[in-house]
There are 2 protein chains.
Amino acid sequence: MALKSFIEVHPDSHFPIQNLPFGVFRPDTASLARPGVAIGDYVLDLSAVASASIFDGPILKDSDCFHQPNLNKFLALGRPAWKEARATLQRILSSTEPVLRDNAAFREKSLFLMSKVEMLLPIAIGDYTDFFSSMHHAKNCGTIFRGPQNPMPQNWFHLPIAYHGRASSVVITGTDISRPRGQGYPSGNSPPYFGPTQKLDFELEMAAVVGPGNELGKPIDVNDAAEHIFGLVLMNDWSARDIQAWEYVPLGPFLGKSFGTTISPWIVTLDALESFACAAPEQDPKPLPYLAEKVSKNYDISLEVQIKPDGQKDSCVVTRSNFKNLYWTLTQQLAHHTINGCNLRPGDLLGTGTISGPEPESMGCLLELTWNGQKPLSLNGITRKFLEDGDEVTFTGVCKGDGYNVGFGTCSGKVVPSP
Amino acid sequence: MALKSFIEVHPDSHFPIQNLPFGVFRPDTASLARPGVAIGDYVLDLSAVASASIFDGPILKDSDCFHQPNLNKFLALGRPAWKEARATLQRILSSTEPVLRDNAAFREKSLFLMSKVEMLLPIAIGDYTDFFSSMHHAKNCGTIFRGPQNPMPQNWFHLPIAYHGRASSVVITGTDISRPRGQGYPSGNSPPYFGPTQKLDFELEMAAVVGPGNELGKPIDVNDAAEHIFGLVLMNDWSARDIQAWEYVPLGPFLGKSFGTTISPWIVTLDALESFACAAPEQDPKPLPYLAEKVSKNYDISLEVQIKPDGQKDSCVVTRSNFKNLYWTLTQQLAHHTINGCNLRPGDLLGTGTISGPEPESMGCLLELTWNGQKPLSLNGITRKFLEDGDEVTFTGVCKGDGYNVGFGTCSGKVVPSP
Ligand SMILES: [Ca+2]
Ligand SMILES: [Ca+2]
Ligand SMILES: [Mg+2]
Ligand SMILES: [Mg+2]
Ligand code: NI
């Protein structure tokens, strides 16, 4: 029989006992940030669980990692600690274990209605990197920007391309996104365009959260890379296409990206995702030895993007994709990132890049979906080339298990006018 | 008469009482990191000065900013606090003030020989950005990579181009740099090159250290930007030209840069540099209004790069340049960085980009100096196309005052073989 919690969890909830994703929350603005796990409609306060001396395994027994305002210290401990925490939490939340179930005072202290708490950034992000690992996305962008003759950059099939992103402007779901101002291409002999972006876009991505890091100068082997990944979040890499197009030659995206990147609050662990692992696509040409892994793994995670225009009652699904559309795996991304000796640190964020699938309705951003504004989308009768002020963009991600989901909740943000 | 310290300072020292740059050090590996200022051959321990209640101004009196392992808290306080600290320190170090001069026990506790202490990274760097602000460098690189017809990217004269760099691998002077491995261009139909970089280079840069930041969504006005800059350091943006050339299309430099970036330990304040301010170059075309500043300021800082090959007794000067060769000012860089609403935080590092001058002997990297390896340099009879294992690269920077220097000390690192 499937593992069950004493807490009632709806069958369509993202957060059954099989999931137990980690986040950081505070019960109200006057109280301290602390780690928690999601269970059904509740958040279990890990600082309360730790204070009750319930983490009694060898690694966590004397650790203060759950009395911290972020998960970085827990992440640094590595998979043995993560497994220890998961086992303890699955035990105390299970339907057969009385310690929490039968202790009303302890439940009162440690379980909070998710709808009543404030979710915070779960990690202090030292560095944020964004990859470009969906072949379909790369091909569509290449076709739009450079034409259909040679859409793929020559290096694309040899390495997981990436750029350094901006860590300071990574924000938690629910944070408004101000429409950025900036320069765009000049028309004719006039000076460059300057003003609010006219091509504001979302990018449907997920991101890996790094656990233990590596020393500068010491690369991580691709076959050991999974030990350095704690879990995944949904990520919206908001993008201003006009700013990006004008600025990005020759040093890459900068202000077209750095005005905001939204992540979902719950980090779903690789351990919870393991049941949804699937084979990654065959790679041709064969990757160089440092990227050739014994097991090449993706995850079957259904992704969806909805847009709710200002004042509309309903939101409209604009794309459906899946994490398994990625060509380069998370472990290849991580191994590539460190092959030059670059050091990762606990809490680093590695975005996958926009996850577009092969079908037109699985493209992961408006640039692709509207073909750079040439084919506007219809949302319940309203058209969209790019995002308008007041649009609320919501991502969801979920793995469908047998009678339960392992889900990511939502990652959303509303566009507000330029200052 | 010029301000003088009771501590004897050689006329060619970089650290007279007119300078007083801030850093972080520890007397030995068993003791805590703490802030200090350089004075002649000594470091004055600011935690000791603070513990003696000598900072008695309104901002610093009750602050614990000098009882921290980095300068971030002090940086966040802004220019009024910086001026208060400078005034107090110039007073207690001056030849006419007895408080430190005549108190042997206090001197014993607070003054350390610089040669005996360990200098540490002075700041926790939230984000590191690297600009591309020397026209000569951009032109030379453009000519080498894209030919002489159209060397300058179309956007170059309209905005200070930049990319996000890697914060984790910024290291303090004296740290060895492991030759990175990575991919390079394939030749013919073979797979890409893989192995230790064959084109390891330095980049002669300086970097601004950000003081108070800004809220996400709230740009900083260019005429207010100097209030957000604490000071400058020397910076070597080590670069692997073969890795960079192969990876950088379309998302910019990544592993070709992220294996190490060296900074000098002493942050020279804008207040100390003010006597060496000079006009920035005339800009044509006129910058857009958000980049048009009332006063457009550079600094006259002489820069020099020396290479000492392994086993050689002497090092060899390979280039001499000057900070005033920059086209885009620090304040324009900072204002551009935030125009999209991107938030800066105290301790952020903004590299200028390679500072090349107009003459062949003022080019700021080997890529330019050897024209991508085509014209090897001669160093006392040894030739160099790019850096070899064992080469030690040392930058110095100094402003020449009337009878004194305001200097940056050195920024150096030695290349060690790939792991
Ligand atoms: Ca992206
Ligand atoms: Ca550079
Ligand atoms: Mg973004
Ligand atoms: Mg570097
Ligand atoms: Ni497992």
Side-chain angles (χ1 to χ4, degrees), chain A residues 126-127 129-130 132 141-142 145 153-155 158-159 161-169 171 176 178 180-183 186 191-192 194 197 213 216-219 240 243 246-256 258-260 285 288-290 336-337 339-345 348 419, chain B residues 126-127 129-130 132 141-142 145 153-155 158-159 161-169 171 176 178 180-183 186 191-192 194 197 213 216-219 240 243 246-256 258-260 285 288-290 336-337 339-345 348 419:
Chain A
D127 279 285
T129 301
D130 199 17
F132 189 50
C141 293
F145 289 127
Q154 192 194 345
N155 51 14
H158 297 286
L159 55 86
I161 296 177
Y163 66 99
H164 303 296
R166 179 81 194 174
S168 70
S169 54
V171 297
D176 287 344
S178 288
R181 291 181 298 161
Q183 298 189 25
F194 179 77
T197 174
L216 186 62
K218 305 260 190 278
I243 297 173
W246 170 236
E247 75 177 355
Y248 90 108
V249 174
L251 299 185
F254 182 54
L255 300 186
S258 62
F259 56 92
L288 285 170
Y290 82 93
H336 180 65
H337 203 318
I339 187 62
N340 69 341
C342 179
N343 54 329
L344 301 179
R345 295 177 293 188
D348 282 353
Chain B
D127 279 286
T129 301
D130 200 17
F132 189 49
C141 293
F145 287 127
Q154 193 194 344
N155 52 13
H158 297 286
L159 55 84
I161 296 176
Y163 66 98
H164 303 295
R166 179 81 194 173
S168 70
S169 53
V171 298
D176 286 344
S178 288
R181 290 180 300 161
Q183 297 191 25
F194 179 77
T197 175
L216 187 61
K218 306 258 190 279
I243 297 173
W246 170 236
E247 75 178 353
Y248 91 109
V249 174
L251 299 184
F254 182 54
L255 300 186
S258 61
F259 57 92
L288 284 169
Y290 82 92
H336 180 66
H337 203 316
I339 187 62
N340 69 341
C342 179
N343 55 328
L344 302 179
R345 296 177 293 188
D348 282 353

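Labels below follow one simple rule: chain letters A, B, ... track the order of the sequence lines, proteins then strands, and each chain is numbered from 1.
- For the set A/His337, A/Arg345, A/Gln183, A/Glu247, the count of heavy-atom pairs under 4.5 angstrom toward chain B peaks at A/Gln183.
- Using a 4.5 Å cut-off between heavy atoms, B/Leu344 contacts chain A through both its backbone and its side chain.
- Interface remark: B/Leu216 contributes side-chain atoms only to the contact with chain A (heavy atom separation under 4.5 Å).
- Only the side chain of B/Thr129 comes within less than 4.5 Å of a heavy atom of chain A; its backbone N, CA, C and O stay farther away.
- Atom NE2 of B/His336 is separated from atom CG of A/Leu255 by 4.0 Å, given to the nearest 0.5 angstrom.
- By number of non-hydrogen pairs under 4.5 angstrom with chain B, the leading residue of A/Gly142, A/Ala167, A/Pro219, A/Pro180 is A/Ala167.
- Residue with the most contacts toward chain A among B/Ala162, B/Pro285, B/Gly126: B/Ala162 (heavy-atom pairs, distance under 4.5 Å).
- Between the A/Asp127 side chain and the B/Arg166 main chain, no donor and acceptor come within less than 3.5 Å of each other.
- Looking only at distances, no side-chain donor or acceptor of B/Asn340 sits under 3.5 Å from a matching main-chain atom of A/Gly256.
- Across every non-hydrogen atom of B/Pro250 and A/Phe132, the tightest pair is CG-CE2, 4.2 Å.
- Heavy atoms of B/Pro153 lying under 4.5 Å from chain A belong exclusively to its side chain.
- Residue A/Pro289: no heavy atom, backbone or side chain, is found under 4.5 Å from chain B.
- Aromatic ring orientation, B/His164 versus A/Phe254: tilted (interplanar angle from 30° to 60°).
- Of the two parts of B/Pro186, only the side chain, counted from C-beta on, holds a non-hydrogen atom closer than 4.5 Å to a non-hydrogen atom of chain A.
- Contact annotation for B/Pro419: only side-chain heavy atoms (C-beta onward) come within less than 4.5 Å of a heavy atom of chain A.
- If you measure heavy-atom distances from B/Leu288 to chain A, the contacts under 4.5 Å come from the side chain alone.
- We find the CH2-CD1 distance between A/Trp246 and B/Ile161 to be 8.5 Å, quoted to the nearest 0.5 Å.
- Of the atoms belonging to B/Asp348, it is side-chain heavy atoms, and not backbone ones, that fall under 4.5 Å from chain A.
- Heavy-atom pairs under 4.5 Å with chain A peak, among B/Ser178, B/Gly182, B/Gly217, B/Pro253, at B/Pro253.
- Taking 4.5 Å as the limit, every side-chain heavy atom of B/Gln154 sits out of range of all side-chain heavy atoms of A/Val249.
- For B/Tyr290, the part sitting under 4.5 Å from any heavy atom of chain A is the side chain, from C-beta outward, and nothing else.
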